[in-house]
Amino acid sequence: MRLRTAALVRSALSLPLPAARRPTATPWPLGRITAGLVMSLGALASPALAAPAPEVTGDSPASRPLRGPEVVNSAMDAQLFYQLLIGEIAARDGDLGTAYQLYLEGAKRQRSAQLFRKAVDIALAGRAGEQALTAARAWRTALPQDRDAAEFSAQILMALGRYDEMAEPVRAMLRNSPPEALPGLLTGLPRSFLRISDRQRAAQLIDETTEPWRSGNGAQAAAWTASAEGWLMAGQPDKARAALHQAQALNADEPAVALVASELMASHPDTEALITAQLARKPQDVVRLAYARRLIAGGRLADGARQLDAVVANQPDNVTALMTLAAVQVELRQLAPAETHLQKLLSLNTNRKEGQPTIDTETVYLLLAQVAELRKKPQDADQWLRMADPQQARIKIQTARARLLVQQGKMKEARQLLRQMPETEPRDGVVKAQAEAQLLKEAQAWPDARLVLQQANQRFPDDPDLMYEQAMVAEQIGLFDEMETLLRKVLMIRPQDASALNALGYSLADRNVRLPEARDLITRALAQRPKDPFITDSLGWLLYREGDLPQALKVLSEAYEQRQDADIGAHIGEVLWQQGDKAGAVRYWKDARQRDPGNRTLKEILQRLKPEL
């Protein structure tokens with residue numbers, strides 16, 4: 001008993017105290033506990049609203065050393081000593097209500113930040129959000145300049161869902177933060193408010209919180225950037241663009257401005273000029289990476305690869321840039337540089353030191369297998385697949401193995417391999433059907449591919465991805481009514497689906513029917529993915545059907561600069577042929593045939609025009 005008491009005394013005299021246990025039997029006596037409220041500080045922490053508590057300074061007992069060459073008498077009086085001792089015993093025995101009251105009373109009397117924090121911690125341990133909020137508010141009243149008091153109040157209010165009360169404590173937290181940290185805290189607010197499911201309310205709250213800084217109280221650009229990101233997350237890009245314009249006018253070289261601009265590119269293509277101008281003035285790798293991701297997502301692989309090349313040149317060991325660049329280069333069939341970057345990643349993984357970023361070796365192995373497959377080296381591809389962990393990339397590995405079987409003429413075995421894969425997640429069945437259909441499409445076994453997708457659509461009705469895949473197969477077979485019906489169903493589910501809009505618009509243009517409708521569809525697709533080479537190709541082909549050959553050639557050439565695809569090359573060749581430049585047309589057709597000998601578009605054009613190649 002003496003040993004236990006001594007430990008408690010040492011604990012009481014050397015705050016912070018040990019974490020209190022949760023009660024095991026009776027409810028907390030201080031009031032109704034909010035059911036199911038997760039009140040751990042780790043769960044509440046966020047990029048902007050989480051920082052370690054500063055050490056207590058001044059004359060509080062917690063700030064005084066207990067040992068050392070100089071003996072210093074504690075300022076703790078007998079009442080506080082026994083109060084904390086009893087509070088600690090109560091906390092260890094599960095009586096959190098009593099412990100909370102004792103620590104809160106002591107905190108108020110001593111005006112001690114450390115005791116206030118302990119009272120909050122005890123309430124959080126008991127999942128008593130209202131009592132935690134009461135302690136945090138008392139802390140703020142006693143110590144209005146304490147940043148942690150404001151931060152804890154904001155965190156607890158967010159956890160309780162009382163968003164209307166959050167602006168004032170968040171503003172206090174920002175006011176009490178070091179000036180050099182303020183821009184980062186402001187731009188981090190949108191991510192801090194991700195717990196607020198009502199994105200509109202979150203954006204309004206960001207504006208309420210940042211109003212003093214947006215009005216000129218320092219860090220204006222960061223405050224306007226936070227507003228822009230908040231409205232972007234709320235699905236209001238026009239408001240986001242207006243706020244971003246304010247931020248740009250204040251500090252055009254702020255990286256956060258370009259980062260938000262990259263997210264706005266999908267709805268406001270003009271923001272791309274903001275990014276390129278900033279990169280021209282002050283190149284920054286974090287901006288290049290965000291810009292590259294947006295370009296790649298929009299189908300502009302060549303442009304994205306150029307940005308990633310610049311990052312890798314500046315940071316040769318940047319894992320994210322190397323991995324993304326290698327994947328893009330494989331897609332662009334730039335196999336030699338892709339393999340170099342993938343081998344570099346394996347080398348970095350072998351020599352990885354503690355603290356360095358982890359490397360997704362499974363993806364590296366799969367990409368190397370794809371490189372070997374494209375080089376017609378199935379044995380090398382199989383060796384890379386064997387190195388990948390089947391638990392981490394099971395479906396991808398089996399799909400790659402199935403492709404290798406098809407190359408050996410074993411289509412039946414390949415399909416069986418895919419069908420035998422177990423389904424551990426809801427969408428595994430969809431992925432398996434897509435993989436099997438892709439094998440059949442690559443083999444131009446269109447009726448079989450259509451049957452696989454029909455069966456999958458019956459099993460997974462109203463899945464837009466499966467409907468889109470079946471529509472593309474139906475178009476290859478010439479079942480245009482089926483294709484159009486399926487694509488319109490996709491657009492009912494996803495009205496802004498750029499792929500579906502483009503597919504339907506291109507089909508109309510290619511068949512030279514309902515060209516005004518085709519223009520509307522393609523234009524809407526381009527609004528979603530500006531400069532996407534395949535959508536740009538659709539626009540160029542539409543211009544050709546409309547008879548505007550010079551503009552058609554210009555647009556198709558822009559698409560070909562982004563992606564040297566056989567379809568686009570075949571289209572350029574036909575436009576040149578019709579303009580009388582038959583030598584130029586033949587050059588494009590030869591290049592397209594070398595890239596994709598079985599290309600359906602190229603075969604149809606060559607059969608129709610009968611050039612001498």
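What you see is a predicted model, and the numbers here were worked out from it, not measured in a lab. The basis for the numbers below is simple: all heavy atoms, side chains too, and nothing from hydrogens, waters or symmetry mates.
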For the pair [X] (side chain) and [Y] (backbone), establish whether a donor and an acceptor sit closer than 3.5 Å, ignoring hydrogens and angles.
X: Arg111; Y: Ala142; result: yes
X: Asp463; Y: Phe460; result: no
X: Asp93; Y: Asp95; result: no
X: Arg199; Y: Leu194; result: yes
X: Ser227; Y: Ala223; result: no
X: Arg529; Y: Ala266; result: no
X: Ser262; Y: Leu259; result: yes
X: Arg191; Y: Thr187; result: yes
X: Thr271; Y: His268; result: yes
X: Gln278; Y: Ala252; result: yes

Min side-chain heavy-atom separation [X]-[Y] under 4.5 Å:
X: Asp164; Y: Arg201; result: yes
X: Trp224; Y: Leu244; result: no
X: Glu208; Y: Met166; result: no
X: Lys108; Y: Leu115; result: no
X: Arg386; Y: Ile397; result: no
X: Tyr163; Y: Leu157; result: no
X: Val431; Y: Glu425; result: no
X: Val170; Y: Leu189; result: yes

Residues forming a side chain to side chain donor-acceptor pair (under 3.5 Å) with [X], sequence neighbours excluded:
X: Asp285; value: Asn314, Gln315
X: Tyr365; value: none
X: Arg293; value: none
X: Gln528; value: Gln496

**Item:** salt bridge (charged side-chain N to carboxylate O under 4.0 Å, His left out): pairs with one or both residues in residues 219-228, sequence neighbours excluded
**Value:**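 Every candidate salt bridge (charged side-chain N to carboxylate O under 4.0 Å, His left out) pair involving residues 219-228 fails, so no pair, neighbours aside, qualifies.
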**Prompt:** Can you list every salt bridge (charged side-chain N to carboxylate O under 4.0 Å, His left out) pair that touches residues 314-327, not counting sequence neighbours?
**Reply:**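 Every pair satisfying salt bridge (charged side-chain N to carboxylate O under 4.0 Å, His left out) with a residue in residues 314-327: Asp317-Lys344.
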Gap separating the [atom1] atom of [X] from the [atom2] atom of [Y], nearest 0.5 angstrom:
X: Lys396; Y: Leu366; atom1: NZ; atom2: CG; value: 6.5 Å
X: Gln155; Y: Leu133; atom1: CD; atom2: CG; value: 12.0 Å
X: Arg162; Y: Ser153; atom1: CZ; atom2: OG; value: 10.5 Å
X: Leu385; Y: Glu362; atom1: CG; atom2: CD; value: 11.0 Å
X: Lys353; Y: Leu348; atom1: NZ; atom2: CG; value: 11.5 Å
X: Arg171; Y: Thr210; atom1: CZ; atom2: OG1; value: 9.5 Å

**Message:** Strictly by side chain to side chain donor-acceptor pair (under 3.5 Å), give each pair with a member in residues 239-250 just once, sequence neighbours left out.
**Reply:**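 Qualifying pairs: Arg241-Asp270.
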**Request:** For Glu263, check side chain to side chain contact (heavy atoms under 4.5 Å, CB included) against everything at least two apart and list the hits.
**Result:**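 Partners of Glu263 under the side chain to side chain contact (heavy atoms under 4.5 Å, CB included) test: Leu232, Arg294.
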Mind listing the closest non-hydrogen atom pair of [X] and [Y] along with its distance?
X: Arg494; Y: Pro464; answer: NH1-CG, 3.5 Å
X: Ala135; Y: Ala119; answer: CB-CB, 4.2 Å
X: Val319; Y: Pro357; answer: CG2-CG, 4.0 Å
X: Leu182; Y: Ala219; answer: CD2-CB, 4.1 Å
X: Pro255; Y: Val286; answer: CB-CG1, 4.4 Å

**Message:** One pair to check against side chain to side chain contact (heavy atoms under 4.5 Å, CB included): Phe116 and Asp146. What are the steps and the verdict?
**Reply:** CA-CA 11 Å; Phe116 276 118; Asp146 192 310; over 6 Å; no
**Asked** Taking atom types as modelled and ignoring hydrogens, do the side chains of Asp238 and Trp231 form a donor-acceptor contact shorter than 3.5 angstrom?
**Response**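 On atom types as modelled, these side chains do not qualify, holding no pair under 3.5 Å.
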Please determine if [X] and [Y] form a salt bridge, counting it only when a charged side-chain N lies under 4.0 Å from a carboxylate O.
X: Asp253; Y: Arg281; answer: yes
X: Arg137; Y: Glu165; answer: yes
X: Lys282; Y: Glu254; answer: no
X: Asp309; Y: Arg288; answer: no
X: Arg109; Y: Glu105; answer: no
X: Arg300; Y: Asp303; answer: yes

Which residues share a salt bridge (Lys or Arg N to Asp or Glu O under 4.0 Å) with [X], sequence neighbours left out:
X: Glu211; answer: none
X: Asp360; answer: none
X: Arg352; answer: none
X: Glu423; answer: Lys432, Arg459

**Ring geometry between Trp139 and Phe152 (parallel below 30°, tilted from 30 to 60°, perpendicular above 60°)** =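 The rings of Phe152 and Trp139 sit tilted, inter-plane angle from 30° to 60°.
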**Request:** Go through the steps for Gln145 and Arg140 under the test side chain to side chain contact (heavy atoms under 4.5 Å, CB included), then give the verdict.
**Result:** CA-CA 8 Å; Gln145 302 305 315; Arg140 291 195 62 206; over 6 Å; no
**Request:** Let me see the working for Val257 and Asn251 under side chain to side chain contact (heavy atoms under 4.5 Å, CB included), right down to the final yes or no.
**Result:** CA-CA 8 Å; Val257 172; Asn251 187 354; 5.7 Å; no
**Request:** Report the C-alpha separation of Thr209 and Glu168 in whole Å, then their side-chain angles, then the decisive distance to 0.1 Å, and conclude whether the side chain to side chain contact (heavy atoms under 4.5 Å, CB included) test is met.
**Result:** CA-CA 7 Å; Thr209 301; Glu168 193 277 327; over 6 Å; no
